[in-house]
Protein chains: 2
Amino acid sequence: MSSSELPCKECCDVTIIHDEIVSDVQAKQLPLEKGNELALLFQALSDPTRLRIIHTLIQAEVCVCDLAAILEMSQSSISHQLRNLRALRLVKHRKVGRMVYYSIDDEHVLSLMEIGLQHISHS
Amino acid sequence: MSSSELPCKECCDVTIIHDEIVSDVQAKQLPLEKGNELALLFQALSDPTRLRIIHTLIQAEVCVCDLAAILEMSQSSISHQLRNLRALRLVKHRKVGRMVYYSIDDEHVLSLMEIGLQHISHS
DNA sequence: TTAATATATGAATACATGATCATATATCTA
DNA sequence: TAGATATATGATCATGTATTCATATATTAA
């Protein structure tokens with residue numbers, strides 16, 4: 001429990017209390033780039049509408065029109081959100097005529113939803 | 001592939017294409033309340049700074065001051081973010097004198113981080 | 001070809017959010 | 001007790017975001 005002059009001291013005006021912990025943990029830091037990517041992934045899951053879309057698509061492949069009906073929201077809103085989910089490769093689409101069918105594009109999404117639901121349940 | 005007059009038609013101006021899918025899936029919908037809670041959880045994970053804090057606390061229990069030094073950010077910023085994470089019971093704190101030590105308060109957080117990192121890696 | 005329909009998207013708006021600054025609170029130390 | 005220090009927090013501001021509206025695109029049907 002001693003203060004010191006680690007390199008960091010030169011780049012921010014914060015006191016360092018535990019030298020070893022700071023240097024140890026700093027060496028194992030989450031790379032900034034990974035942090036940013038990971039944040040984007042969770043950000044895609046941070047909206048109730050998008051979560052309801054995902055929860056729906058986990059159960060069935062659904063076209064945009066039906067998705068809007070199921071969630072009782074406008075087609076435009078759903079379409080915008082699907083674009084977001086598509087950009088992060090969380091959902092994929094299949095075009096049939098003028099209809100577009102969306103479905104889940106990643107096993108990880110299922111796990112994330114399950115674990116997330118567990119967390120909010122046992123609270 | 002037929003349109004129809006399901007109840008939903010009265011509450012939104014969207015055409016329903018697949019009757020059965022819509023009614024089936026609508027019956028298994030994620031409750032609005034659960035969707036909102038789940039969104040809050042993922043929202044807490046949707047910021048690079050908070051993810052770096054969590055990644056740090058997975059490795060060790062760290063005081064606010066050292067956290068700020070490790071992440072090279074202001075004490076105020078870290079403290080605000082910790083409040084956020086605490087509100088969602090993702091981290092817990094232990095007070096010792098004037099220092100406050102934070103650590104992970106949930107096994108689920110570890111799983112969410114791991115699965116998230118898997119997703120962004122194999123892409 | 002023309003009208004209808006399913007989806008996508010740009011612009012605008014209202015709202016949420018993260019960092020900073022100033023300052024409050026609590027604890028330690030001299 | 002007075003000053004220093006670790007943390008918390010309200011206010012502000014700049015930025016990000018979800019929905020809506022209007023409209024574009026693409027496909028089907030008449």
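Order of the sequence lines sets the chain letters (A, B, ...), proteins ahead of strands, with each chain counted from 1. All figures in this text were calculated on a predicted structure; none of them were measured in a lab.
Annotation for Leu71(A) and Thr49(A): closest pair CD1-O, 4.3 Å, computed over non-hydrogen atoms. Nearest heavy atom pair, residue Ala60(A) against residue Ile21(B), reads CB-CG2, 4.4 Å.
You'll find that the side chain of Gln81(A) is closest to dA18(D), out of dA6(D), dA18(D), dT27(D). Checking dT19(D), dG18(C), dA6(D) against the side-chain heavy atoms of Arg98(B) singles out dA6(D) as nearest. With dA8(C), dA8(D), dG10(D) as the candidates, the nucleotide lying closest to the side chain of Val64(B) is dA8(D). The nucleotide whose nearest atom lies closest to any side-chain atom of Met73(B) is, among dT7(D), dT27(C), dA19(C), dA19(C). Checked against dT20(C), dA8(D), dA8(C), the side chain of Ser79(A) finds its nearest nucleotide in dA8(C). Which of dT17(D), dT7(D), dT7(C) sits closest to the side chain of Gln43(A) comes down to dT17(D).
Contact annotation: Ser74(A) side-chain N/O to dC21(D) OP1/OP2 distance is not under 4.0 Å. For dG10(C), the OP1/OP2 oxygens have a side-chain nitrogen or oxygen of Arg83(A) closer than 4.0 Å. Contact annotation: Tyr102(B) reaches the phosphate of dA8(D) (side-chain N/O to OP1 or OP2, under 4.0 Å). Residue Ser77(B) has no polar side-chain atom (N or O) positioned under 4.0 Å from OP1 or OP2 of dG18(C).
In this structure, the CD1 atom of Ile53(A) is 11 Å from the P atom of dA8(C), given to the nearest Å. Protein atom CG of Leu45(B) is 14 Å distant from nucleotide atom P of dT17(C), rounded to whole Å. Between the CZ atom of Arg94(A) and the C1' atom of dT27(D) there is a distance of 16 Å, rounded to whole Å. Rounded to whole Å, the distance from CG on Leu51(B) to P on dG18(C) is 11 Å. Atom CG of Leu40(B) is separated from atom P of dT17(D) by 17 Å (rounded to the nearest Å). Taking atom CG on Leu82(A) and atom C1' on dA6(C), their separation rounds to 13 Å, with Å as the unit. Rounded to whole Å, the distance from CG on Leu85(B) to C1' on dA8(D) is 15 Å. The nearest whole Å value for the distance from the CZ atom in Arg86(A) to the P atom in dT7(C) is 12 Å.
Here His80(A) does not lie in a stacked arrangement on the base of dT19(D), lacking the combination of planes under 30° and ring centres under 5.5 Å apart.
A side-chain donor from one of Arg86(A) and Tyr102(A) sits under 3.5 Å from a side-chain acceptor of the other.
Closest-nucleotide positions on DNA chain D for Asp47(A) and His93(B) were compared, and the one nearer the 5' end corresponds to His93(B). In terms of position along DNA chain D, the nucleotide closest to Arg50(A) lies nearer the 5' end than the nucleotide closest to the other residue of the pair Arg50(A) and Lys95(A).
Aromatic rings of His18(A) and Tyr101(B) (six-membered ring for Trp) have centroids within the 6.0 Å cut-off, being under it.
Rounding to the nearest 0.5 angstrom, the gap separating the CD atom in Glu37(B) from the CG atom in Leu51(A) is 12.0 Å. Interatomic distance, CD of Glu33(B) versus CD1 of Ile120(A), reported as 8.5 Å (0.5 Å rounding).
In this model, a side-chain donor or acceptor of Gln75(A) finds a partner on the base of dA8(C) within 3.5 Å. Side chain Ser76(B) to base dT9(D): a donor-acceptor pair is found below 3.5 Å.
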